Structure formats: structure tokens, C-alpha cells
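Following: one structure in C-alpha cells, then a few remarks.
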Amino acid sequence: MSACLFCRIAAHEVPAQIIAEMPDVLAFKDVNPQAPTHVLIIPKRHLGGMPDLTDEHAGLLAQVMRLANQLAQAAGIATSGFRLVVNSGPDAGQSVAHVHWHLLGGRRMAWPPG
């Protein structure tokens, strides 16, 4: 999907502050951070949103969780706490139609988030 911004980032066609990469996922700093640590974790393959995930994506989801934990450890927020958020669809605030997870931390989070 060549028009998708995140696909282009995953293909290294668009610059981004990439901080980690695994076989099927990529992590980079959010350009509009909402917390001291704000990283986006994306699949390298285009998947529009949560409804596109199936049982065949179990390995991909495991990589997302593993990478999120590694990044939280590296950022020093694993113990104090962090939030891993996925917005799916326009009503949830998904602004790029490529499923992605926001790793947020480094400050106290409020609840409810919306």
C-alpha cells in the first residue's frame, strides 16, 4: 500500500526516528508526543485496523508485546508504569489507517483517558 504513510516508514522511504525493529514490526518516535516517552509500534505489513487482525497474526502480536516491553525497559518506565494504546477507527481517534500501538510513559496518566 504505497500511499500509506506507515507502510512508507516501514519501507524506509519516509524518514522517521526509528528506535527499534524486529522481523515483522517497527518502532519509531511519535512526531507529536503526548508524553515524555511516546513511541509508535507498527506492523511492517499493511493492516488497516484491529478488525483486520486474525489468528494468523498471533506471532505479530507477540512481537508487538515483546517490543513494547523492551522499549519500556530501555526508557526506564517499565516499573513506574506505561500505557500501550491502540485506537481503531475514526471514532476512537485513529488518524492513520494502519494499525499501530502507542507506547506512552514518563508521566502520570489520568483515567479515564478519553
Side-chain angles (χ1 to χ4, degrees):
M1 191 158 221
S2 62
C4 173
L5 174 62
F6 287 175
C7 285
R8 294 182 69 212
I9 289 172
H12 301 274
E13 297 172 357
V14 171
Q17 286 186 287
I18 296 171
I19 58 171
E21 195 165 354
M22 294 180 95
D24 299 318
V25 297
L26 180 80
F28 57 95
K29 291 185 178 185
D30 194 296
V31 296
N32 184 25
Q34 302 300 304
T37 297
H38 190 168
V39 176
L40 299 180
I41 302 171
I42 66 168
K44 291 180 179 179
R45 177 177 145 209
H46 185 80
L47 294 162
M50 289 293 290
D52 295 330
L53 296 172
T54 66
D55 289 346
E56 80 175 61
H57 300 107
L60 169 80
L61 294 170
Q63 281 184 51
V64 169
M65 295 300 126
R66 221 171 21 252
L67 186 55
N69 280 324
Q70 290 172 5
L71 294 171
Q73 288 286 341
I77 59 172
T79 302
S80 61
F82 61 93
R83 190 170 282 172
L84 189 60
V85 178
V86 61
N87 301 317
S88 188
D91 283 354
Q94 183 180 5
S95 58
V96 177
H98 184 120
V99 70
H100 56 284
W101 290 260
H102 297 258
L103 174 66
L104 299 146
R107 69 167 171 83
R108 187 145 182 87
M109 303 285 171
W111 194 263

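All values derive from a computational prediction rather than experimental measurement.
Both L61 and M22 belong to a common hydrophobic cluster when Ile, Leu, Val, Met, Phe, Trp and Tyr are linked at side-chain heavy-atom distances under 4.5 angstrom. Using a 4.5 Å cut-off between side-chain heavy atoms of Ile, Leu, Val, Met, Phe, Trp and Tyr, with links allowed through other members, V14 and L26 fall into the same hydrophobic cluster. Both V86 and V25 belong to a single network of hydrophobic side chains, linked directly or stepwise wherever heavy atoms of I, L, V, M, F, W or Y lie under 4.5 Å apart. L60 and M50 fall within a single hydrophobic cluster, where Ile, Leu, Val, Met, Phe, Trp and Tyr are joined by side-chain heavy atoms under 4.5 Å apart, directly or via other members. I42 and F82 sit in two unconnected hydrophobic clusters of ILVMFWY residues. Membership requires side-chain heavy atoms under 4.5 Å apart, directly or through other members.
Across G106 and P36, no two heavy atoms sit closer than the pair O-CG, 3.4 Å. Closest approach of Q34 and N32 over heavy atoms only: NE2-O, 3.0 Å. Here the shortest heavy-atom pairing between A35 and M109 reads CB-CE, 4.2 Å. Scanning both residues, A27 and V39, for their nearest heavy atoms gives CB-CG1, 3.8 Å. The shortest heavy-atom contact between C4 and H46 is SG-ND1, 3.6 Å. Among all heavy-atom pairs drawn from L71 and A20, the shortest one is CD2-CB, 3.9 Å.
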### Task
Determine, step by step, whether N69 and R66 satisfy the side chain to side chain contact (heavy atoms under 4.5 Å, CB included) criterion, reporting the C-alpha distance in whole Å, the side-chain angles of both residues, the deciding distance to 0.1 Å, and the verdict.
CA-CA 5 Å; N69 280 324; R66 221 171 21 252; 6.0 Å; no
### Query
Stepwise, does the side chain to side chain contact (heavy atoms under 4.5 Å, CB included) test hold for L40 with I9?
CA-CA 11 Å; L40 299 180; I9 289 172; over 6 Å; no
### CA sep, side-chain torsions, deciding dist, call: M65, L84, side chain to side chain contact (heavy atoms under 4.5 Å, CB included)
CA-CA 9 Å; M65 295 300 126; L84 189 60; 3.6 Å; yes
### Message
For V99 and D52: C-alpha separation, side-chain torsions, deciding distance, then whether side chain to side chain contact (heavy atoms under 4.5 Å, CB included) applies.
### Response
CA-CA 9 Å; V99 70; D52 295 330; over 6 Å; no
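Side-chain atoms of H57 never come within 3.5 Å of backbone atoms of L53 as a donor-acceptor pair (strictly under, hydrogens ignored). Looking only at distances, no side-chain donor or acceptor of H100 sits under 3.5 Å from a matching main-chain atom of Q94.
Heavy atoms from other residues, nucleotides or ligands lying under 6.0 Å from CD of Q17 number 12 at most.
With values rounded to the nearest 0.5 angstrom, C7 atom SG is found 10.5 Å from R45 atom CZ. Atom CG of D30 sits about 6.5 Å away from atom NE2 of H102, to the nearest 0.5 Å. Going from atom CD of E21 over to atom CD of Q63 covers 10.5 Å, rounded to the nearest 0.5 Å. Distance check: L47 CG to T54 OG1 gives 8.5 Å after rounding to the nearest 0.5 Å. Between the CG atom of L67 and the CD1 atom of I41 there is a distance of 4.5 Å, given to the nearest 0.5 Å. To the nearest 0.5 angstrom, T37 atom OG1 is 10.5 Å from R107 atom CZ.
Ring planes of F6 and F28: perpendicular class, angle over 60° (limits at 30 and 60°).
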